[in-house]
Protein chains: 2
Amino acid sequence: MTNPLPSDPYLALSAALQRWAELPQPQWLVVREGFRRRKAVARELVVFPGSQSHDLLFVSRGLLRFFYLDEGGRETNKAFVAENEFAAPLASAVLQQPVYYGVEALEETEYLSMPLGEFRALYHRHPVFERLGRCLAEMLLVRKERRMRSMLEQTATERYRTFLTENPLLAERIPQYHLASYLGITEVSLSRLKKAL
Amino acid sequence: MTNPLPSDPYLALSAALQRWAELPQPQWLVVREGFRRRKAVARELVVFPGSQSHDLLFVSRGLLRFFYLDEGGRETNKAFVAENEFAAPLASAVLQQPVYYGVEALEETEYLSMPLGEFRALYHRHPVFERLGRCLAEMLLVRKERRMRSMLEQTATERYRTFLTENPLLAERIPQYHLASYLGITEVSLSRLKKAL
DNA sequence: GAAGCGCCTTAACAAATGATAAGCTGCGCT
DNA sequence: AGCGCAGCTTATCATTTGTTAAGGCGCTTC
């Protein structure tokens, strides 16, 4: 049985943005205009690696997997982004490079998408947009900082345990082999250290 | 023989900021007022791990080493910051937590320091400060993104080679065992893979 | 129910890395 | 010169992780 009253993704977006800055109605309308509503079925490729289009994403339902793709064709999971979370190829945009990762939907996913160039152009229009941009960058930084520290300080086993405690619900939605890649090990190795409790 | 005309660190700071946004004279003076000039001798501890004071740093001469300190007392190098580079415990400030890393001068270092809380308070005073804050966060994000990708996709050997090609001069200023820690391996292991060319 | 597929586990072996200890080298100091 | 120390290397062995291959389990599809 699905939710009989599906919440408006734009409502969720508005709430998320308001947590960063008080967004006056006129400016909110500009943002709302920029974001397009999109859907992806499970296993659908949302962003193709090497894409020239940079999009700011906001997931309202479902789960996205972000992955690097090396020359050998091997994937390494970079992040998982679920409900009410943002994602953006900020580094690529700043450096004016094509997006170097791909995005795949792990479940049927509903999300909002706005060209990052368009969003960044707003910075010059009104200070509140600049603030949103700062908060976006800071949020991404905090996320990456936590991950970086975890990778440098912890062993694979510790990283796994940490992930489970911090994302108990999310862990059940992610296939083991994708989680392993995210933790920086192989599926076999993860299975092994799980057995060792 | 030292430089007979030592450049003004504030001049370097101004140039660095101007690269991010056109900073009008009055606002520049506010920033300049906030930054204090400091020096550290080689091996001096600039920031003690767990410190409650969050500082925005700008190195004008020398080299700083940023390191995590785990419960067992073991250090892991998080970053090296040299001339004309910024560093800031943005994640800690955003989450309102004590700084979870330490900073040590690897050489005699001259730097400018401003309380991060003071800097962030400026965001509400003028849009140009907000822009500087955004650019600061974006820069830190780009730096961390590159590092993260390198850690996930590359082997220790590849990371070492990459570091050498991208920072040939810096590599010679960093002791091997500190570089090893930065690369996520031990000093012994680095020595080993160097021999294997 | 048989076949196919996705996901997970297990086993056996190879490779990479850690831990510990010992020794080498350059350099500053007295 | 002799000493002490910091930084680097080397050797040895233990541990972790990767690789490859095989099989199990549940689910869907025909």
Side-chain angles (χ1 to χ4, degrees), chain A residues 40-45 62-63 65 67-68 70-77 80 104-109 150-164 169-197, chain B residues 41-45 62-63 65 67-68 70-77 80 104-108 150-164 167-197:
Chain A
V41 298
R43 296 177 159 268
E44 183 177 336
L45 202 59
L63 178 58
R65 172 178 77 94
F67 60 94
Y68 298 117
D70 68 11
E71 318 77 39
R74 267 191 299 229
E75 298 183 358
T76 310
N77 290 328
F80 300 105
E104 181 202 45
L106 288 182
E107 309 170 351
E108 183 176 329
T109 301
S150 170
M151 287 297 296
L152 280 174
E153 282 198 317
Q154 300 185 301
T155 65
T157 307
E158 289 169 335
R159 289 200 295 277
Y160 176 62
R161 293 184 62 83
T162 303
F163 189 90
L164 286 190
L169 297 176
L170 195 58
E172 298 186 356
R173 297 162 66 185
I174 303 173
Q176 209 83 263
Y177 62 98
H178 277 324
L179 181 53
S181 164
Y182 176 83
L183 295 173
I185 56 179
T186 61
E187 178 189 19
V188 178
S189 194
L190 176 57
S191 184
R192 193 158 35 196
L193 64 83
K194 274 174 65 181
K195 192 169 62 169
L197 285 171
Chain B
V41 298
R43 296 177 161 269
E44 183 177 338
L45 201 59
L63 178 58
R65 172 178 76 95
F67 60 94
Y68 297 117
D70 68 13
E71 317 76 38
R74 268 190 299 228
E75 298 183 0
T76 309
N77 289 328
F80 301 105
E104 180 202 47
L106 289 182
E107 309 170 352
E108 183 177 329
S150 169
M151 287 297 296
L152 280 174
E153 282 198 317
Q154 300 185 302
T155 65
T157 308
E158 288 169 337
R159 288 200 295 276
Y160 176 63
R161 293 184 62 84
T162 302
F163 189 90
L164 285 190
N167 317 285
L169 298 174
L170 194 59
E172 299 187 355
R173 297 162 65 185
I174 303 173
Q176 209 82 262
Y177 62 97
H178 277 324
L179 181 54
S181 165
Y182 176 82
L183 296 173
I185 56 179
T186 61
E187 177 189 20
V188 177
S189 193
L190 176 56
S191 183
R192 193 158 37 196
L193 64 84
K194 273 174 65 180
K195 191 169 63 169
L197 285 169

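In what follows, chains are A, B, ... by sequence order, proteins preceding strands, each numbered from 1.
Rounded to an integer number of Å, the gap from CD of A:E158 to C1' of D:dT17 is 16 Å. As a whole-Å value, the separation of B:R173 CZ from D:dG7 P is 16 Å. Distance OH (B:Y177) to C1' (C:dT20): 19 Å, rounded to an integer number of Å. Distance CG (A:L193) to P (C:dC8): 14 Å, rounded to an integer number of Å. Regarding A:L152, its CG atom lies at a distance of 12 Å from the P atom of C:dG18, rounded to whole Å. Atom NZ in A:K194 sits about 18 Å away from atom P in D:dT16, given to the nearest Å. Rounded to whole angstrom, the span from the CZ atom of B:R74 across to the C1' atom of C:dT20 amounts to 13 Å. Rounded to an integer number of Å, the gap from A:I174 CD1 to C:dC8 C1' is 16 Å.
For B:R192, the side-chain atoms get nearest to C:dG18 when compared with the rest of C:dT9, C:dA12, C:dG18. When the nucleotides D:dC8, C:dT17, D:dG7 are ranked by their closest atom to the side chain of B:R43, D:dG7 comes out on top. Which of C:dT9, D:dG7, D:dT12 sits closest to the side chain of A:E187 comes down to C:dT9. If you check C:dG18, D:dG7, C:dC8 against the side chain of B:I185, the one that comes closest is C:dG18. In the set C:dT9, D:dC8, C:dA21, C:dA21 carries the atom at the smallest distance from any side-chain atom of B:V188.
A salt bridge is defined here as a Lys NZ or Arg NE, NH1 or NH2 lying under 4.0 Å from an Asp or Glu carboxylate O, and A:E75 with A:R65 meets this definition.
Using a 4.0 Å cut-off, no side-chain N or O of B:K195 falls inside it from OP1 or OP2 of D:dT9. Within the 4.0 Å cut-off from OP1 or OP2 of D:dT17, not a single side-chain nitrogen or oxygen of A:T186 is found.
In this structure, the side chain of B:T76 does not engage the main chain of A:E153 through any donor-acceptor pair within 3.5 Å. The closest donor-acceptor contact from the side chain of B:E158 to the backbone of B:T155 lies under 3.5 Å. Remark: side-chain polar atoms of B:R173 are paired, donor with acceptor, to backbone N or O of B:G62 under 3.5 angstrom.
Within 4.0 Å (heavy atoms only), A:S189 reaches sugar-phosphate atoms of the nucleic acid but no base atom.
With a 4.5 Å cut-off on side-chain heavy atoms, A:L190 and A:Y177 do not count as touching.
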